[in-house]
Structures are given as C-alpha cells and as structure tokens.
Amino acid sequence: MNYLWGGMILVGVVYAAMTGNLGAVTDQALASAKEAVSLCLTMTGAMAFWVGLMKIAEKGGMVNRAASAMGPILRFLFPSVPENSAAGRYMATNMVSNFLGLGWAATPAGISAMKELKWQQKMSNQATDAMCDFLIINISSLQLIPVNIIAYRSQYGAVSPAAIVGPAIIATSISTLAAVIFIKVRQVFGRLEK
C-alpha cells in the first residue's frame, strides 16, 4: 500500500509540475493538512464527550446490566463461549458500545474478548468459530447513534447532522441481520460436517 500511495502522490506531483499547477498542489496540500487537524479536534471532542458518558454509564452499573441482559443473545450467537466468562463480558461490552455508536470505546473490549477467546482455545495460530463469528457481528455493528458520522457531518457544515440516525439504524439493522443469518447458517453446516 505504501508503494501504491507513494506512486500516486509522485504521479500527481509530476503531472502538476508538467502542467504548471504545482502551486495549486502545494496550496491544496496545506489546506488539507489544516482540515485534517480541524477534523481531529472535532472528533476528539465528540469522542471525549461520548467516552465520558460511557464511563458514567459504566460506573453507574448500566453497562454491566446491559451486558448481563445480553446473556441470552450471546448464548444464541456464540454457543461455544462459556456462560459468565470474561470473554462473554468483553463481547457484551463491545456490542453495547457499538450499539451506542462508540466504536473507539468498543475496540478495547473487542480486543480483550479476542484475547480471552484465544486463551480459552489453547491454540496459538488458529481462529476459532467463536472468534470469527464475533468479528462478523462486530463488523456488522448495529448502531443506535452513529456518533462518528454525526461528528463528520457537523464538522463539514451539514444543516442537520443527526438526520443520518434513521438511515443508519435501518442500514446497520440489515447488516446485523445478515451477519446473524450467516453465523447461524455457518454453525448449522459446521455441526453437519462434524
């Protein structure tokens, strides 16, 4: 990828130099750098706000209650994961965080869940079915509030940044339903193969 991006940049600069637009490339590079820093500041503010709310919910016990309530869902999706295991708690925390649109808060819980699942399997280099299924569910990411997209839309001057909520709920519901169907079909075929 580094060669691909480096090559595209080099071709763009050479072409700009040949057509007399090198000044415009320099101006746009500086403007893009300024915009990137501004976007990072906006996203950091949004992230700090939502992660702070998540911490309050965690300290207040809301996350643990939500994770406990997810027990039947986890047993349905991941029958090989032991009930009340650390992996299950991390998976539930990850899924709740994703549901609330806090992908950056979900990531540490997802990594911890994968580490626990790896530790449970006692094999070093092979992903288990539960690991693959969890990754599929994590990628489909049912979201109630798409915080990242709202922050991007706000940064770029959208009239109604939160107007994306309805379509996002529909899209992520469909992707999560497709993920669940895929996982259950794969589990049935896996049992038939054994």
Side-chain angles (χ1 to χ4, degrees), residues 1 40 43-44 46-59 61-153 162 164-191:
M1 285 303 287
C40 284
M43 294 305 292
T44 301
M47 180 176 72
F49 174 74
W50 286 104
V51 169
L53 283 180
M54 190 69 169
K55 279 292 182 192
I56 292 169
E58 185 179 336
K59 296 282 185 190
M62 290 174 60
V63 173
N64 286 337
R65 283 194 296 274
S68 295
M70 288 188 64
I73 295 170
L74 291 175
R75 283 189 296 281
F76 172 73
L77 292 173
F78 313 106
S80 64
V81 175
E83 195 173 336
N84 297 323
S85 67
R89 285 191 302 278
Y90 288 130
M91 293 164 92
T93 301
N94 173 274
M95 292 169 72
V96 168
S97 298
N98 273 332
F99 180 71
L100 296 174
L102 305 172
W104 47 76
T107 300
I111 291 170
S112 296
M114 286 296 203
K115 285 180 181 176
E116 284 294 323
L117 290 170
K118 183 176 180 179
W119 180 82
Q120 288 176 1
Q121 74 164 338
K122 309 272 191 285
M123 286 189 262
S124 60
N125 292 325
Q126 185 175 356
T128 63
D129 289 343
M131 293 168 105
C132 294
D133 293 345
F134 176 62
L135 185 60
I136 291 167
I137 288 293
N138 195 29
I139 290 169
S140 71
S141 186
L142 176 63
Q143 287 189 5
L144 179 64
I145 307 165
V147 176
N148 285 347
I149 302 302
I150 292 170
Y152 285 133
R153 289 173 51 86
I164 194 72
V165 171
I169 290 172
I170 293 168
T172 59
S173 296
I174 292 169
S175 68
T176 301
L177 179 62
V180 169
I181 291 169
F182 177 82
I183 287 169
K184 295 317 280 181
V185 167
R186 191 210 49 76
Q187 287 173 355
V188 168
F189 281 116
R191 282 193 295 270

Look up atom [atom1] in [X] and atom [atom2] in [Y], then write down how far apart they are to the nearest 0.5 Å.
X: Ser173; Y: Gln143; atom1: OG; atom2: CD; answer: 10.5 Å
X: Ile73; Y: Met91; atom1: CD1; atom2: CE; answer: 12.5 Å
X: Thr176; Y: Ile137; atom1: OG1; atom2: CD1; answer: 6.5 Å
X: Met131; Y: Asp129; atom1: CE; atom2: CG; answer: 11.0 Å
X: Glu116; Y: Phe134; atom1: CD; atom2: CZ; answer: 12.0 Å

State, to 0.1 Å, how close [X] and [Y] come at their nearest heavy-atom pair, and which atoms those are.
X: Gln187; Y: Pro79; value: NE2-CD, 3.6 Å
X: Ala106; Y: Asn94; value: O-ND2, 2.8 Å
X: Ala130; Y: Val81; value: CB-CG2, 3.8 Å

side-chain contact (heavy atoms from CB on, under 4.5 Å) between Ile150 and Val165, intermediate numbers included:
CA-CA 8 Å; Ile150 292 170; Val165 171; 3.9 Å; yes

Candidate list Val180, Ile136, Asp133, test side chain to side chain contact (heavy atoms under 4.5 Å, CB included), partner Leu77, passing option:
Val180

Quick one: are Leu117 and Phe78 in side-chain contact, heavy atoms under 4.5 Å?
no

Kindly determine whether Met114 and Asn138 satisfy side-chain contact (heavy atoms from CB on, under 4.5 Å), including the steps that lead there.
CA-CA 11 Å; Met114 286 296 203; Asn138 195 29; over 6 Å; no

Just by modelled atom types, is the Ala179 backbone N or O under 3.5 Å from a matching donor or acceptor in the Ser140 side chain?
no

Might you confirm whether atom NZ of Lys115 has over 12 heavy atoms from other residues, nucleotides or ligands at distances under 6.0 Å?
no

Leu144/Ile169 under side-chain contact (heavy atoms from CB on, under 4.5 Å): CA gap, chis, key distance, verdict:
CA-CA 6 Å; Leu144 179 64; Ile169 290 172; 4.0 Å; yes

